[in-house]
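Below is one structure; the comments refer to it alone.
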Amino acid sequence: MADSRITQIHKKLQELLAVNHATYSNVNLTDRVVRGSVVQPPYTPFGTVFFVDAVESYGPTLGRYQGTANFEAYLYVGGSNAAERNDNAINLASDGVKAITANRQLSLGSLVDDVLVSYTALDGDKYGLSGIGIGMIRINVKFVSDDGT
């Protein structure tokens, strides 16, 4: 049985984030990104990407529907103080954005029309995650389909 469009996108996002990021952060997330969410990362560096929802609207023509699949990624990285954690989280999130947007169709052809991202950095200390910076990426994936899926 084939995966749905959303599942294929979810798996692709995990694949794109789970690499050795060398542009800004020099953080290796190979085999360290999971699909789904966690309360606390088991180790750092670590990442999660999870499906939030899909929103449908009327399409460009009768019988076609536009959709936006929304995902969030959390990338966890260490740092010895608040400034270093913030810098590390921004750099890792920036690397994640570069990986995701290198191909705006996520190399999934007609399954994806475009991807837009926004990102921020959070200090894990605010959330009970001592010594951890968090790069958070919101990912909006646009598509058009016959049935909204």
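Please read all numbers here as calculations on a predicted model, not as lab measurements. Only heavy atoms go into these numbers, but all of them, side chains included; no hydrogens, no water, no symmetry mates.
Counting non-hydrogen atoms of neighbouring residues, nucleotides and ligands closer than 6.0 angstrom, the OH atom of Y58 reaches no more than 12 such neighbours. The number of heavy-atom neighbours closer than 6.0 Å to CG of D31, taken from other residues, nucleotides and ligands shown, is 12 or below. Within a 6.0 Å sphere centred on CZ of F51, other residues, nucleotides and ligands contribute more than 12 heavy atoms.
With D3 contributing its side chain and T7 its backbone, the two residues share no donor-acceptor pair below 3.5 Å. Between the Q105 side chain and the V112 main chain, a donor and an acceptor come within less than 3.5 Å of each other. Under the 3.5 Å distance criterion, the side-chain polar atoms of R85 are left unmatched by any main-chain donor or acceptor of G133. A distance-only check finds a donor-acceptor pair linking the side chain of R5 to the backbone of L111 [under 3.5 Å].
Note on L16 and V49: same hydrophobic cluster, where clusters join Ile, Leu, Val, Met, Phe, Trp and Tyr whose side-chain heavy atoms are under 4.5 Å apart, directly or indirectly. By the rule that hydrophobic residues join a cluster once side-chain heavy atoms approach within less than 4.5 Å of another member, V39 and Y127 end up as members of separate clusters. Y76 and V19 are assigned to two separate hydrophobic clusters, defined by single-linkage of ILVMFWY side chains at heavy-atom distances under 4.5 Å. Linking Ile, Leu, Val, Met, Phe, Trp and Tyr whenever their side-chain heavy atoms come within less than 4.5 Å puts L92 and V117 in one cluster. With hydrophobic clusters built from ILVMFWY side chains whose heavy atoms lie under 4.5 angstrom apart, V77 does not share a cluster with I134.
Taken to the nearest 0.5 Å, the NZ atom of K11 stands 15.0 Å off from the CG atom of L106. Rounding to the nearest 0.5 angstrom, the gap separating the CZ atom in F46 from the CD1 atom in I132 is 10.5 Å. In this structure, S145 OG and Y65 OH are separated by 8.5 Å, a value rounded to the nearest 0.5 Å. Note that the CG atom of L17 and the NZ atom of K12 stand 11.5 Å from one another [nearest 0.5 Å]. In this structure, T44 OG1 and L75 CG are separated by 12.0 Å, a value rounded to the nearest 0.5 Å.
The aromatic rings of F71 and H10 lie tilted to each other, with the angle between the two planes from 30° to 60°.
In plain terms, the two heavy atoms of D123 and A82 that are nearest each other are OD2-CB, 3.8 Å. Nearest heavy-atom pair, L122 versus M136, reported as atom, atom and distance to 0.1 Å: CD1-CB, 4.4 Å. A pairwise comparison of heavy atoms in A121 and I90 identifies CB-CG1, 3.5 Å as the closest pair. Among all heavy-atom pairs drawn from A93 and I137, the shortest one is O-CD1, 3.7 Å.
For the pairing with Y74, the side-chain contact (heavy atoms from CB on, under 4.5 Å) check across V33, V38, T48 returns one residue only, T48. Checking each of N20, D95, N91 against S25 for a side-chain hydrogen bond (donor to acceptor under 3.5 Å, both in side chains) leaves exactly one that passes, namely D95.
Between N140 and V115 the shortest side-chain heavy-atom distance does not fall below 4.5 Å. Here the side chains of I6 and F143 are in contact, with some heavy-atom distance below 4.5 Å. L116 places a side-chain heavy atom less than 4.5 Å from the side chain of R104. For the pair V52 and F50, the minimum side-chain heavy-atom distance is below 4.5 Å. With a 4.5 Å cut-off on side-chain heavy atoms, N28 and P45 do not count as touching. Side chains of N70 and T68 form a contact here, defined as non-hydrogen atoms less than 4.5 Å apart. Side-chain contact between I100 and I139 is present, with at least one heavy-atom pair separated by less than 4.5 Å. Side-chain contact check for R138 versus Y119: every heavy-atom pair is 4.5 Å or farther apart.
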Item to check | Intermediate values then yes/no, salt bridge (charged side-chain N to carboxylate O under 4.0 Å, His left out), K142 and D113 | outcome: CA-CA 5 Å; K142 302 276 188 187; D113 289 337; over 6 Å; no

